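Everything below concerns the one structure shown next.
Lettering of chains follows the sequences in order, A, B, ..., and the numbering in each one begins at 1. Since the model is a prediction, treat every value here as computed from it, not as a measurement.
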Protein chains: 2
Amino acid sequence: MIYSSELIKGTLKTIVLKLLADNKKMYGYEITQRVKELTLDKIQITEGALYPTLHALEADGLVTTQAEYIGKRVRKYYTLSPTGKSKAKEKVSELADFMDTMRFLLDIKPTTA
Amino acid sequence: MIYSSELIKGTLKTIVLKLLADNKKMYGYEITQRVKELTLDKIQITEGALYPTLHALEADGLVTTQAEYIGKRVRKYYTLSPTGKSKAKEKVSELADFMDTMRFLLDIKPTTA
DNA sequence: TTAAAATACATAAGTCTTTTATGTATAATA
DNA sequence: TATTATACATAAAAGACTTATGTATTTTAA
């Protein structure tokens with residue numbers, strides 16, 4: 001099962017920032033694979049969504065990039081800037097708060113976890 | 001504080017279906033007010049978003065409508081159809097599942113609730 | 001050994017949902 | 001009696017993502 005795409009909307013930036021906050025540096029393809037793994041294939045980030053998002057984060061000064069060559073193929077690593085780090089915390093806690101509100105609003109019982 | 005608008009995206013239909021599932025019949029303006037109340041003003045549904053959504057639910061056969069006159073002013077009540085009822089359950093549980101996945105992915109600790 | 005799949009980047013047209021703006025009208029309140 | 005609240009509606013613009021396409025290298029399987 002894969003979540004309907006509307007649900008993912010608006011959370012992509014938060015996911016990317018959080019992964020970068022936990023991993024120091026990651027490249028685009030790696031991010032798509034990590035999310036796929038961690039969510040047991042339930043969330044699959046498409047490249048068409050990811051790359052523009054990464055470029056926007058860079059344009060906003062939230063990440064910096066370093067190219068690295070693996071053989072002849074280039075890999076573009078992304079790292080959080082200090083601003084990016086605080087933005088990551090901010091976005092994650094906003095999402096956490098939002099999800100609490102949604103659970104209350106929709107009367108969703110907490111999972112035994 | 002109001003959540004950044006991207007977060008709300010994709011959840012509006014679910015919110016509307018769930019409120020209708022719990023209340024038998026509601027009208028548009030009432031839905032906006034109820035959500036505002038229940039979320040302590042943190043989620044404010046705009047009319048520009050709500051009415052097209054309600055019309056779409058009707059077009060999809062998930063709700064039926066009855067007009068009611070309060071004085072000279074019309075109120076349009078929405079009621080879930082049988083299809084709408086099962087759709088409501090489906091959407092709410094999908095969202096619950098999605099939020100669990102997100103909490104795991106973003107390492108968000110459960111709130112003491 | 002070579003065709004297919006995986007890795008790795010990128011962009012652009014189209015779609016969908018929501019925002020923002022606007023419009024109409026009645027009822028209640030200050 | 002002017003303002004705010006109630007109550008509907010639509011339409012242009014914005015924004016985020018999907019879908020499609022393109023390029024190229026490396027690995028795997030037939």
Side-chain angles (χ1 to χ4, degrees), chain A residues 2-17 19 25-37 41-60 62-63 65-78 91 95 98 102, chain B residues 2-17 19 25-37 41-60 62-63 65-78 91 95 98 102:
Chain A
I2 295 177
Y3 300 119
S4 66
S5 65
E6 316 98 75
L7 283 184
I8 323 285
K9 296 194 184 193
T11 60
L12 179 55
K13 211 160 155 179
T14 306
I15 292 171
V16 171
L17 288 172
L19 284 182
K25 76 175 193 179
M26 291 183 89
Y27 56 99
Y29 187 77
E30 188 185 12
I31 292 173
T32 65
Q33 297 314 107
R34 188 70 58 85
V35 170
K36 196 165 129 74
E37 270 172 45
D41 291 13
K42 288 186 279 189
I43 297 181
Q44 307 208 27
I45 297 178
T46 59
E47 294 172 298
L50 180 64
Y51 290 117
T53 296
L54 286 171
H55 299 163
L57 292 175
E58 193 179 8
D60 291 346
L62 303 177
V63 299
T65 61
Q66 313 97 246
E68 223 170 87
Y69 280 84
I70 308 298
K72 283 178 191 169
R73 194 157 54 189
V74 74
R75 235 182 227 176
K76 203 163 153 188
Y77 277 99
Y78 290 84
K91 292 291 261 177
L95 181 56
F98 174 72
M102 287 299 287
Chain B
I2 296 176
Y3 301 120
S4 65
S5 65
E6 318 96 74
L7 283 183
I8 324 286
K9 296 193 186 194
T11 60
L12 179 54
K13 211 161 157 179
T14 307
I15 292 172
V16 171
L17 288 172
L19 285 182
K25 75 175 191 178
M26 291 184 89
Y27 57 99
Y29 186 76
E30 188 184 12
I31 292 173
T32 64
Q33 297 314 106
R34 188 69 58 85
V35 171
K36 197 166 127 76
E37 270 170 45
D41 292 14
K42 288 186 280 189
I43 297 180
Q44 308 207 26
I45 297 178
T46 59
E47 294 171 298
L50 180 64
Y51 292 116
T53 297
L54 286 171
H55 300 162
L57 292 175
E58 192 178 10
D60 290 347
L62 302 177
V63 298
T65 61
Q66 315 98 244
E68 222 171 87
Y69 279 85
I70 307 300
K72 285 179 187 168
R73 194 157 53 190
V74 74
R75 236 183 227 173
K76 203 163 153 188
Y77 278 99
Y78 290 84
K91 292 291 262 179
L95 181 56
F98 174 71
M102 285 300 287

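A donor and an acceptor atom, one from each side chain of B/Thr65 and B/Glu58, are located under 3.5 Å apart.
Along DNA chain D, the nucleotide nearest to B/Pro52 and the one nearest to A/Thr53 differ in position, and the one closer to the 5' end is contacted by B/Pro52. DNA chain C is contacted by both A/Glu6 and A/Ala49; A/Ala49 maps to the nucleotide lying nearer its 5′ end (nearest heavy atom per residue).
Rounded to whole Å, the distance from CD1 on B/Ile70 to P on D/dC8 is 10 Å. Remark: P of C/dA8 and NZ of A/Lys25 are 13 Å apart, rounded to the nearest angstrom. Here the P atom of nucleotide C/dT20 and the NZ atom of B/Lys9 are 9 Å apart, to the nearest Å. Between the CZ atom of A/Arg73 and the P atom of C/dT7 there is a distance of 9 Å, rounded to whole Å. Rounded to an integer number of Å, the gap from NE2 of B/His55 to C1' of D/dA7 is 12 Å. For the pair B/Lys76 NZ and C/dA25 P, the computed distance is 18 Å after rounding to whole Å. Distance, A/Glu47 CD to C/dT7 C1': 9 Å, rounded to whole Å. Taking atom CD1 on A/Ile43 and atom P on D/dT18, their separation rounds to 11 Å, with Å as the unit.
Between B/Thr11 and A/Met102 the shortest side-chain heavy-atom distance falls below 4.5 Å.
For A/Tyr27 and C/dA8, the shortest distance from a side-chain N or O to OP1 or OP2 is below 4.0 Å. Distances shorter than 4.0 Å separate some side-chain N or O of B/Thr46 from OP1 or OP2 on C/dT19.
Which of D/dA7, D/dT6, C/dT19 sits closest to the side chain of B/Tyr51 comes down to D/dA7. Residue B/Gln33 places its side chain closer to D/dT6 than to any other of C/dT26, D/dT6, C/dA6.
Interatomic distance, CZ of B/Arg75 versus CD1 of B/Ile70, reported as 4.0 Å (0.5 Å rounding). Taking OG1 from B/Thr32 and CE from B/Met26, the interatomic distance works out to 9.0 Å, rounded to the nearest 0.5 Å.
A/Gly48 comes within contact range of at least one nucleobase, with a heavy-atom separation under 4.0 Å.
For B/Gln33 (side chain) and B/Glu30 (main-chain N/O), no donor-acceptor pair under 3.5 Å exists by modelled atom type.
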